[in-house]
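Since the structure comes first, as structure tokens, the remarks are kept for the end.
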Amino acid sequence: MLGTKRIIVFIGLPGSGKGTISKLCVDNFGWLQLSTGDLCRKNIAEQTEIGKKIDFAIKSGKLVSDSIISEMVFDWLCDSFKSVDTVIFDGYPRTLVQANQLHDFLMNNSTSLNYKLDIVRFVVSMQMVKDRLSDRIICSNKNCQMAYSTDSTSKFFPKNPQFCDRCGSLLVKRPDDQPEIVGDRLETYNRHEQELLKFFVSNQYTVIDISADQQADVVFAELKRALHL
Ligand SMILES: [Zn+2]
């Protein structure tokens with residue numbers, strides 16, 4: 001049997017800062033972070049079996065099914081565990097169906113895969129994320145996607161208000177960060193998050209709460225303590 005592999009599922013509202021913390025973990029510990037969006041694009045580009053299914057779904061105007069997403073994630077997981085011991089899931093599982101599929105996969109492979117799955121919930125106040133999302137602009141370069149704030153007192157305020165500090169591309173507002181739709185989006189997300197948490201708790205997974213209203217470095221320090229790193 002291999003050494004213990006760790007899966008850490010990040011859960012939190014958009015704007016809770018989990019993307020930033022995820023990047024810090026990758027940079028500091030050499031972990032891998034799952035991005036289902038990137039994985040879909042990669043599979044399509046390489047025309048894998050899964051990529052063909054995704055491409056077909058998108059071209060027929062359908063949502064990519066939970067089973068296809070999960071199948072792709074499990075492939076990625078097995079592959080990633082060849083080179084690292086810890087991975088972060090941010091944005092997966094997104095639905096209860098996906099959470100069930102993940103749970104079944106881990107159960108079915110528990111003899112060959114010695115794993116530990118923990119949930120980290122980034123707890124933030126609704127007002128805080130509304131403010132953060134309304135102020136958020138991101139780099140338009142798909143390979144960068146660095147987030148900045150339009151609030152000039154924030155330390156994420158870009159050096160040049162229009163361009164990315166890292167790659168120089170134009171900074172844009174994401175369509176779903178428009179203040180008028182942020183509220184609805186957060187409500188929907190909140191409902192899904194509650195369902196997922198209930199599922200994980202009832203299946204005896206550990207849920208660690210991190211208070212994410214603070215600055216990124218403080219949140220990161222709290223995470224390290226909570227995970228005994
Ligand atoms: Zn950039």
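Heavy-atom basis, side chains included; hydrogens, waters and symmetry copies ignored.
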- prompt: Same cluster or not: are L223 and L32 linked, directly or through other Ile, Leu, Val, Met, Phe, Trp or Tyr residues, by side-chain heavy atoms under 4.5 angstrom apart?
  reply: no
message: Taking NZ in K155 as the centre, count heavy atoms belonging to other residues, nucleotides or ligands within less than 6.0 Å. Is the count above 12?
response: yes
query: Are any of the side-chain heavy atoms of L227 and I8 separated by less than 4.5 Å?
result: yes
query: Out of curiosity, F220 CZ to T20 OG1, how far, rounded to the nearest 0.5 Å?
result: 11.5 Å
- prompt: Do we see a donor-acceptor contact under 3.5 Å between the side chains of Q101 and E71?
  reply: no
- request: Apply ring pair (Phe, Tyr, Trp, His ring centres under 6.0 Å) to the pair Y148 and F156, showing each step before the final yes or no.
  value: CA-CA 5 Å; Y148 295 91; F156 295 106; 8.1 Å; no
- request: Could you list who else is in I138's hydrophobic cluster, with ILVMFWY side chains joined at under 4.5 Å, directly or through other members?
  value: V172
query: Thinking salt bridges, do D85 and R6 make one under a 4.0 Å N-O criterion?
result: no
message: So P14 and L133, do their side chains get closer than 4.5 Å, heavy atoms only?
response: yes
query: What's the shortest heavy-atom distance between I21 and A216, and which atoms?
result: CD1-O, 3.5 Å
I11 backbone acceptor or donor facing R121 side chain under 3.5 Å: no
query: N28 side chain to L24 main-chain N or O, any donor-acceptor pair under 3.5 Å?
result: yes
- request: Using a 4.5 Å cut-off on heavy atoms from C-beta on, say whether the side chain of K116 contacts that of I7.
  value: no
task: Decide whether V123 and L196 are clustered together by the hydrophobic rule: side chain heavy atoms of Ile, Leu, Val, Met, Phe, Trp, Tyr closer than 4.5 Å, transitively.
output: no
- request: Kindly compute the distance separating CG (L170) from SG (C139), expressed to the nearest 0.5 Å.
  value: 8.5 Å
- line: dist S70:OG -> D75:CG (nearest 0.5 Å) comes out at 11.0 Å
V129 side chain near L186 side chain, heavy-atom distance below 4.5 Å: yes
- request: Would you check, one step at a time, whether the test side-chain contact (heavy atoms from CB on, under 4.5 Å) holds for Q162 with L171?
  value: CA-CA 5 Å; Q162 273 182 311; L171 299 177; 5.9 Å; no
- prompt: Are D118 and V9 close enough that some pair of their side-chain heavy atoms sits under 4.5 Å apart?
  reply: no
query: Do you know the tightest heavy-atom contact between S16 and V124?
result: CB-CG2, 3.8 Å
task: Apply salt bridge (Lys or Arg N to Asp or Glu O under 4.0 Å) to K52 and D55, showing your working.
output: CA-CA 5 Å; K52 286 177 195 162; D55 201 30; over 6 Å; no
message: Tell me whether D135 contacts the main-chain N or O of T150 through its side chain, where contact means a donor paired with an acceptor under 3.5 Å.
response: no
- request: Would you confirm whether R185, through its side chain, and D176, through its main-chain N or O, come within 3.5 Å as a donor-acceptor pair?
  value: yes
task: Please assess S149 against D151 for the test side chain to side chain donor-acceptor pair (under 3.5 Å), listing each intermediate value before the final yes or no.
output: CA-CA 5 Å; S149 173; D151 171 5; 4.9 Å; no
field: I88 to C25 - nearest heavy-atom pair and separation
entry: CD1-CB, 3.6 Å
- request: Evaluate side-chain contact (heavy atoms from CB on, under 4.5 Å) for L106 paired with D104, printing each intermediate quantity in order.
  value: CA-CA 5 Å; L106 294 173; D104 288 346; over 6 Å; no
message: If you count heavy atoms of other groups shown closer than 6.0 angstrom to NZ of K42, is the number above 12?
response: no
query: Heavy-atom distance under 4.5 Å between the side chains of F74 and L102, does that happen here?
result: yes
field: Modelled atom types, side-chain donor and acceptor of Q145 and N141, under 3.5 Å
entry: no
Atom CD of Q194 with >12 non-hydrogen neighbours under 6.0 angstrom: yes
statement: Scanning both residues in full, the closest heavy-atom pair of S211 with V219 reads O-CG2, 3.9 Å
Side-chain touch I208/I119, heavy atoms, less than 4.5 angstrom: no
Hydrophobic cluster membership, F29 vs F81, 4.5 Å side-chain cutoff: no
field: Pair F10 and F89, ring centroids less than 6.0 Å apart
entry: no
- prompt: Please walk me through it: do K5 and N114 pass side-chain contact (heavy atoms from CB on, under 4.5 Å)?
  reply: CA-CA 6 Å; K5 301 293 185 183; N114 184 15; over 6 Å; no
message: When you compare the side chain of Y92 with that of I69, does any pair of heavy atoms fall below 4.5 Å?
response: yes
task: Indicate the atoms forming the closest heavy-atom contact of E193 with G12, along with that distance.
output: OE1-CA, 3.5 Å
field: Salt-bridge contact R94-D66 (side-chain N to carboxylate O under 4.0 Å)
entry: no
Straight-line distance of E222 CD to F122 CZ, nearest 0.5 Å: 9.5 Å
field: Between CG on residue L13 and CD on residue E187, distance to nearest 0.5 Å
entry: 9.5 Å
- prompt: Stepwise, does the side-chain contact (heavy atoms from CB on, under 4.5 Å) test hold for I50 with I68?
  reply: CA-CA 7 Å; I50 294 174; I68 295 177; 3.9 Å; yes
- prompt: Would you call D79-K82 a salt bridge at under 4.0 Å N-O?
  reply: yes
query: Okay, side chain of K173, backbone of R136: is any donor-acceptor separation there less than 3.5 Å?
result: yes
- request: State the NE2-OH distance between H103 and Y205, to the nearest 0.5 angstrom.
  value: 4.5 Å
- prompt: Judged by atom type as modelled, is there a donor-acceptor pair below 3.5 Å linking the side chain of T48 to the main-chain atoms of I44?
  reply: no
message: Tell me whether the count of non-hydrogen atoms from other residues, nucleotides or ligands lying under 6.0 Å of CD in Q215 goes above 12.
response: no
task: Consider only side-chain heavy atoms of I, L, V, M, F, W and Y, link residues closer than 4.5 Å, and tell whether V26 and L229 are in one cluster.
output: no
query: Transitively linked via ILVMFWY side-chain contacts under 4.5 Å: M146 with F163?
result: no
